[in-house]
Amino acid sequence: MSLNAIMNTATSGLTTAQTQLRVVSDNVSNVNTPGYVRKIADQVSMTSQGMGAGVEVARIRLATDRFLQAASLNAGAEAARQGVRHELYDRVQSLFGDPGGTTGFFSQVDAVFSAFAASAEDPTSSPRRQDALFRTQALFDEAGRIGGQIQAVREDADGRIQSAVEKANNLLQQIEGLNLEIARATVVNGDASGAETAQSALIGQLAELMDIRVTTRAVGGVSIRTGSGTLLAGEGAATLSYARAGTVTSETAFNEIWVTEPGGQKRSLMDTVVSGEIKGLVELRDIEAPATAERLAELIARVADQLNRAHNANSSVPAPASLTGRNVGQSFESAIAGFAGQTTVAVTNAGGIIQARVDIVFSGATMTVNGAAATPATFLTVLNAQLGGAATATFVDGQLTIAAGAGAGVAIADDPTSPSNKAGRGFSHFFGLNDLISTDRPAFYETGMTAASAHGFGAGEALSFRFTGESGSKLRDINVIVPAGGTVADLISALNDPATGVGRFGEFALAADGSLGFTAYGNPAPTMSVLEDTTIQVPSGVSVTELFGIGAGVRASRADGFSLRKDIRQSPAKLALAQLNLSAAAGGSALSIGDGRGALLLADAGEQAANFAPAGGSSGGLISVSRYASELSGEIGGKAAAAKNRNDTAAALATEASGRQTAYEGVNLDEELVLMTTYQQAFNASARLIQAAKDMYDTLLGMI
């Protein structure tokens, strides 16, 4: 070997040792830097004409392991998903208060019925009446507050989705910019480890927003795709777009989150991700919070309905001068048809003595009023004739009103052995003539209508539906036109039409009680929501979705619409705690001030079975209000606990995966000390070899 070859070999060793020491120095100085990945200088031998010619550093790379990295990114995405779900659902759960405490929402439900039980003990006590009314109003106020706060949580989640989308766009731009820098360094065999470390930290932040797959490019840098393969970076940066909804209500239809790939292909992001913060926010906003809101609304609607059922069977003393019902959402002919059983409308004086009495016997489409035959079309005329001027019945804008003459009052009671009934409600209850709780919208959807009933909507009016898949991405928007046919059967046929209706996704069906249910096709079945409804029924003014409760949003919106009837709130003496005695002798009082039987009915309302509709994942069914409230309380607490457990488990897995990755990729001072000693010795050896070559040069020169 020539002296020049020896000198070159020693010089290469010296340079390589310096590079290795610099790499070790960088590692040691960043031992406590979060996210820092240990550098490795790959040292290789050089040959010339088959002979060793020294060493060199082929490249400086990061000590990464793609399997550990993938495990850490996936675990981090799932931890972020479960973290936001737990955080926001914990906020929802806290709205209801302590389920076992005395001040929580569910304890207020029992307190209402207990207050009416206390009123039954002393029906004439004004303080007890006021306490019962105060607790009742407080319950519905609290339900409205909770319903509004649930929507506020959803609005917060929606805003955070937009922020997450903006953050993802920024991260993708930075990652793609570093891809170019790394590629340039790779081409010239430069040190790209700094850029790679920065890029690795950015990838970790992106993985918290959505689950991603990372692959290394041959030219340097990385290619990033979503779990289902949508390209996010590597050939340019993808662009995510989302427009938040603004003020969120239970009926808000949210926009899609779109991702436009570098090649221009536009896809729904939610079709391509299964975890990450964005996924968790969408799940909470679109599934978990709405389900809780719908369950709350169903509970509070049935509480109101059961209180109204009892109150309609009662009367105040003296009886009210007039009874004005709620908007039944249909024509009077349709509303009065289909009743069975018997009821009595009585006009009483201030002393509770019956002045006029009308006994009504229902039998489907026919009926008698004090023995006089009537039909749905002639019922009001016959009723007014039989009342003989003592009272007058009118029906305006979907509301039935029965008003007595001056100084008299109106009381209604069903026959005890054959009570009137339609769709599970008595005559007074169905029309809401003596409701205790009023509402500004339809609160129950057992309309009692049949397929042959006139629906009352104008031909050409429209309503729009949106169907979304399991991931939350939009499948299709469908606009349905009200047909020329005026029956409920015609309307259902238009809704179920496969070409112009929703028939490709599911089927509407009318139940025996007049409720309209929707069954979606497929497993998993798509979710239906209402985008817009411009239909208006004559004479009630309600829409199709309001009348039949189509869509979870409409049903959930009921929670903030209930309040204690205004005249009773202002005058507790008008609270109906007595019952009309249909067996009272002529000239005898049929209403007594000390009668507390009606209060007992109100107190017992919480234990009476009610027909709860399916809501928020619950199948509903025949169950008491108190039991439903108890089950809902346990479910909300159970879901909050489950969310916490999932969050803790996901966080533990993420910590373990990150720990293993750090153990492999992080800096170990003992190892770096060994490497520093090794390369110092290598440096010294190369320096001694150079000194030896110099001595040999000097000897040769001295021989000349």
Side-chain angles (χ1 to χ4, degrees), residues 297-298 301-302 304-306 308-309 312 325-341 362 364-365 367 376-377 379 395-400 420-433 435 437-458 461 463 480 482-483 485-496 507-519 530 533 535-552 554-555 557-558 561 610-615 620 622:
E298 183 65 18
R302 295 300 167 178
D305 193 42
Q306 289 300 95
N308 286 338
R309 182 188 301 277
N312 274 280
R326 63 177 181 83
N327 187 342
V328 295
Q330 49 190 300
S331 67
F332 183 75
E333 289 78 5
S334 175
I336 198 64
F339 271 98
F362 294 102
M367 55 208 73
F379 179 84
F395 187 83
V396 180
D397 294 335
Q399 293 178 293
L400 175 64
S420 62
N421 177 63
K422 179 180 179 179
R425 292 173 172 82
F427 172 76
S428 181
H429 184 205
F430 185 89
F431 285 98
L433 291 171
D435 280 353
I437 308 301
S438 60
T439 179
D440 57 358
R441 70 206 71 171
F444 64 86
Y445 308 112
E446 299 87 359
T447 64
M449 300 175 78
T450 66
S453 299
H455 57 65
F457 298 99
E461 295 177 342
L463 61 162
V480 180
V482 175
T487 67
V488 173
D490 295 325
L491 178 62
I492 294 175
S493 294
L495 289 170
N496 288 337
E507 179 182 20
F508 283 99
L510 189 70
D513 60 6
S515 59
L516 189 63
F518 178 76
T519 303
V530 179
D533 187 353
T535 59
I536 300 176
Q537 189 200 59
V538 178
S540 69
V542 302
S543 66
V544 171
T545 52
E546 289 174 330
L547 176 62
F548 292 107
I550 300 175
V554 170
R555 291 175 176 265
S557 69
R558 295 176 292 172
N611 188 22
F612 283 85
L622 215 57

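In this chain, residues are counted from 1 in sequence order.
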Taking the side chain from [X] and the backbone from [Y], do they hold a donor-acceptor pair closer than 3.5 Å?
{"X": "Lys422", "Y": "Ala335", "value": "yes"}
{"X": "Arg441", "Y": "Ser557", "value": "yes"}
{"X": "Arg558", "Y": "Arg555", "value": "yes"}
{"X": "Thr439", "Y": "Gly561", "value": "yes"}

Rounded distance [0.5 Å steps], [atom1] in [X] versus [atom2] in [Y]:
{"X": "Thr545", "Y": "Asp533", "atom1": "OG1", "atom2": "CG", "value": "3.5 Å"}
{"X": "Asn327", "Y": "Leu400", "atom1": "CG", "atom2": "CG", "value": "11.5 Å"}
{"X": "Leu516", "Y": "Leu547", "atom1": "CG", "atom2": "CG", "value": "9.0 Å"}
{"X": "Leu491", "Y": "Thr535", "atom1": "CG", "atom2": "OG1", "value": "8.5 Å"}
{"X": "Arg326", "Y": "Asp440", "atom1": "CZ", "atom2": "CG", "value": "13.0 Å"}

Could you tell me whether the side chain of [Y] reaches within less than 4.5 Å of the side chain of [X], counting heavy atoms only?
{"X": "Gln330", "Y": "Ser540", "value": "no"}
{"X": "Phe431", "Y": "Ile336", "value": "yes"}
{"X": "Phe379", "Y": "Met367", "value": "yes"}
{"X": "Phe395", "Y": "Val328", "value": "yes"}

If you take all heavy atoms of [X] and [Y], which pair is closest and at what distance?
{"X": "Phe548", "Y": "Leu510", "answer": "CE2-CD1, 4.4 Å"}
{"X": "Ala301", "Y": "Ala443", "answer": "CB-O, 3.9 Å"}
{"X": "Pro376", "Y": "Ala337", "answer": "CG-CB, 3.9 Å"}

All ring pair (Phe, Tyr, Trp, His ring centres under 6.0 Å) counterparts of [X], not counting sequence neighbours:
{"X": "Phe362", "result": "Phe339, Phe427"}
{"X": "Tyr445", "result": "none"}
{"X": "His429", "result": "none"}

Which residues share a side chain to side chain donor-acceptor pair (under 3.5 Å) with [X], sequence neighbours left out:
{"X": "Thr447", "answer": "none"}
{"X": "Asp490", "answer": "Thr487"}
{"X": "Arg302", "answer": "Glu298, Glu446"}
{"X": "Ser515", "answer": "Asp513"}

With [X], which residues qualify under side-chain contact (heavy atoms from CB on, under 4.5 Å), at least two apart?
{"X": "Ser438", "result": "Ser563"}
{"X": "Glu546", "result": "Pro442, Val542, Ser543"}
{"X": "Pro614", "result": "none"}
{"X": "Asn496", "result": "Ile492, Val502, Glu507, Phe508"}

Can a side-chain donor-acceptor contact be found between Asn312 and Asp435 if the only test is distance below 3.5 angstrom?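 Asp435 vs Asn312: donor-acceptor pair found between side chains.
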For Ser453 and Thr450, which I'm curious about, is there any donor-acceptor pair between the side chains at under 3.5 Å?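 The criterion, which ignores hydrogens and geometry beyond distance, is satisfied for Thr450 and Ser453.
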For Phe444, is the NZ or CZ atom of Arg425 found under 6.0 angstrom from the centre of its six-membered ring and inside 45 degrees of the ring axis?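 Cation-pi check for Arg425 and Phe444: passes.
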